[in-house]
Asks: 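One structure follows; several queries about it will come next.
Within every chain, numbering begins at 1; the chains are lettered A, B, ... in the order of the sequence lines, protein sequences first and strands thereafter.
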Number of protein chains: 2
Amino acid sequence: MSGIRAQQKEKTRRQLIDAALGQLSSEKSFSSLSLREVAKEAGLAPTSFYRHFTDMDELGLTLVDEAGLTLRQLMRQARQRIEKGGSVIQISVITFMEFIENNGNIFRLLLRERSGTSPAFRAAVNREIRYFTMELCDYLQQANQLDAEVAYLQANAAVTIVFSAGSDALDIDAKDYGQLANQTIQQLRFIAKGATEFNGRVDLLKR
Amino acid sequence: MSGIRAQQKEKTRRQLIDAALGQLSSEKSFSSLSLREVAKEAGLAPTSFYRHFTDMDELGLTLVDEAGLTLRQLMRQARQRIEKGGSVIQISVITFMEFIENNGNIFRLLLRERSGTSPAFRAAVNREIRYFTMELCDYLQQANQLDAEVAYLQANAAVTIVFSAGSDALDIDAKDYGQLANQTIQQLRFIAKGATEFNGRVDLLKR
DNA sequence: ATTTTCAGCGTACGCGTGTACACTATTTTT
DNA sequence: AAAAATAGTGTACACGCGTACGCTGAAAAT
C-alpha cells in the first residue's frame, strides 16, 4: 500500500492542471484550449488525458476551484494587513490589485467563465464570488453595526466594483494602476457612505 | 446607377448579420460560431461569406456596433420616460432590465467580448460602455450640480452595478427580476448618496 | 453591342480536433 | 509466484474547419 502508483498519478494530474493554467493568457481563453494542446504541454499522449479527466470541462471546473482557493487566500492576506492597522477599503483594494498583477490569468479565467457558455462553469464561478461576498458581508455587519440587508447590499456592490476594476486593470499598463486604485477606493467610499446613511432606515427598501 | 446590385449585396450582408445574431444564445457564444455555420444559416455557400467580410472578426465588430446602437436607443427611451416624471434611478434600472429581457443575446455578446481574447473586440465594447457612461455623467453633473470628477465616479460605478445586475438577470428566471431590480436600485441610491456627500470635498481624492 | 465587374457557387485541400481501440509495462492484489 | 488492475502509448478514424481556385450569369460600364 505504498501508493507509489497513486502518487505518480497525482503528479501527472497536477502537470495537466499546470499545463492548462500555463497556456492561459490574454489572447487564449480556456474554452479555446484543446485537449490535445493541454496533453502535449503536459508531456502526455492525447489519449492519456482521459485517465485523469473525462472532459476538458472537468479540468476547467478544477481550475475554477483552484482560482477560488487563490481568491480566499487573498482575503486572508488582506485581513492580516488590516489587523496591523490601516484603512479597510484602501488595503482591500491594494491587495486585490496585487492579486491581479500576480494572477492575471487566473482572474481572467473567472471573468470569462462567469459569462461563458457552460452553466456549470458559470455556477462554479458565481459560487466562489458568493463566498467572497459573504465573508465581506459578515465583516461589514460586525465592524460597522449594519443591518443584515444593508451589509449585504454594500458587500455585493463593493465586490462588483472591485471585480470590475480588476477587469480594467488587466488591460492597462502598470503606470495607471495607481489612478485606477484611487478611483476604485473613492467609489467604495461612496457606497460605504450610502450604506451608513441608509442603515436603520431599511423601511425604505421596498419588497 | 439604379444600384440594383448594391441593393442585393446589402440585403445579403444583413442576412449574414442576422444569421450570426440569431445563433447566439446562452450556450453559444460568438467566438464559438464558425464562418460555415453563419453562412449556412444565411443560406449562402461558405466561400460567399468573403464577399462581405474578410473575417469572422469583422462580422463580430459589426455586431458590437449594432449592440452599441441598441444600447443608445435604450438610453433615449429611458430619458423620454424620465421626462414624463418619475425617479431617475428607478426608471433607468427598469428600462435596463427590460432591455435584458428583450435583447439577452446582444447583451451577452457585449459581456462576453468585453473579457474575450480579441483586443479589438474588447476595445470596441469598452468604447460603447464609455459612451454610455459619459452620457450618464453629463446628466448627473447637470441635474445634481456635481463636480466633474464626482459625477464621473458616480456614473462609472452606477454603470458597473447596472451591468452586473444585467449579467445576473440573464441567469435567473423572470419571477426574481423584481427583487434583483430593487436591490440594484438601492445600491445605486447608496452610490448617489455617497457622491452627494463627498461633493465639494474633492480634496479628499488623492492623486 | 461589347466588354468589364463581381456576387455567389462548387470542388478540393490540408489541418487540428475528440476519441475508439488494442497494446505494453509496471504496480497492486490475490 | 500468478493474476488482475491500470497509467500511459501509438495508430487510426471521421469530422468540421478556413480558405484557395476557377467558374458562371447577371448587372454595370464602355
Asks: What is the distance from NZ of A:Lys9 to C1' of D:dA5, rounded to the nearest Å?
Replies: 11 Å
Asks: Look at the rings of A:Phe198 and B:Phe190 and say which category their plane angle falls in: under 30° parallel, 30 to 60° tilted, over 60° perpendicular.
Replies: tilted
Asks: Which residue lies toward the 5' end of DNA chain D, B:Thr54 or B:Ala6, if each is placed at its nearest nucleotide?
Replies: B:Thr54
Asks: For A:Gln7 and D:dG8, what is the distance between atoms CD and P respectively, to the nearest whole Å?
Replies: 13 Å
Asks: Let me know the distance between CZ of A:Phe49 and P of C:dT17, rounded to the nearest Å.
Replies: 13 Å
Asks: In this structure, how many angstroms lie between the P atom of D:dA29 and the CZ atom of B:Arg5, rounded?
Replies: 10 Å
Asks: Should the pair B:Phe107 and B:Phe96 be assigned to parallel (<30°), tilted (30 to 60°) or perpendicular (>60°) ring geometry?
Replies: perpendicular
Asks: From D:dA27, C:dG18, C:dG8, pick the nucleotide closest to the side chain of A:Tyr50?
Replies: C:dG18
Asks: Between B:Gln186 and B:Arg189, do the side chains contain an N or O donor and an N or O acceptor separated by less than 3.5 Å?
Replies: yes
Asks: Which residue is it: B:Val159, B:Leu146, B:Leu136, B:Leu188? I am looking for the one with a side-chain contact (heavy atoms from CB on, under 4.5 Å) to B:Gln154.
Replies: B:Leu146
Asks: Is the backbone N or O of B:Asp147 less than 3.5 Å from a side-chain atom of B:Asn199, with the two atoms forming a donor-acceptor pair by type?
Replies: yes
Asks: Send over the distance from A:Met56 CE to C:dT19 C1', rounded to a whole Å.
Replies: 14 Å
Asks: Under 4.0 Å between a Lys/Arg side-chain N and an Asp/Glu carboxylate O for B:Glu66 and B:Arg14?
Replies: yes
Asks: How many Å lie between NZ on A:Lys40 and P on C:dG18, as a whole number?
Replies: 13 Å
Asks: State whether B:Thr47 places a side-chain N or O below 4.0 Å from either non-bridging phosphate oxygen (OP1 or OP2) of D:dT19.
Replies: no
Asks: Taking only N/O atoms, report every protein-nucleotides 12-17 of chain D pair under 3.5 Å with atom names and distance.
Replies:
residue : atom : partner : partner atom : Å
D:dC17  : OP1  : B:Ser34 : OG           : 2.7

Asks: As a test of reading the structure: which of D:dA28, C:dC9, D:dG8 is closest to the side chain of B:Ile4, going by heavy atoms?
Replies: D:dA28
Asks: Kindly say if B:Thr12 contacts the phosphate of C:dG8, meaning a side-chain N or O under 4.0 Å from OP1 or OP2.
Replies: yes
Asks: Kindly indicate whether the side chain of A:Arg51 and the base of D:dT6 share any N or O donor-acceptor pair separated by less than 3.5 Å?
Replies: no
Asks: Nearest nucleotide by nearest heavy atom, which residue falls closer to the 5' end of DNA chain D, A:His52 or B:Asp55?
Replies: A:His52
Asks: Side chains of A:Gln183 and B:Asn156: donor-acceptor distance under 3.5 Å anywhere?
Replies: no
Asks: Grab the CD-P distance between A:Gln8 and C:dA25 for me, whole Å please.
Replies: 17 Å
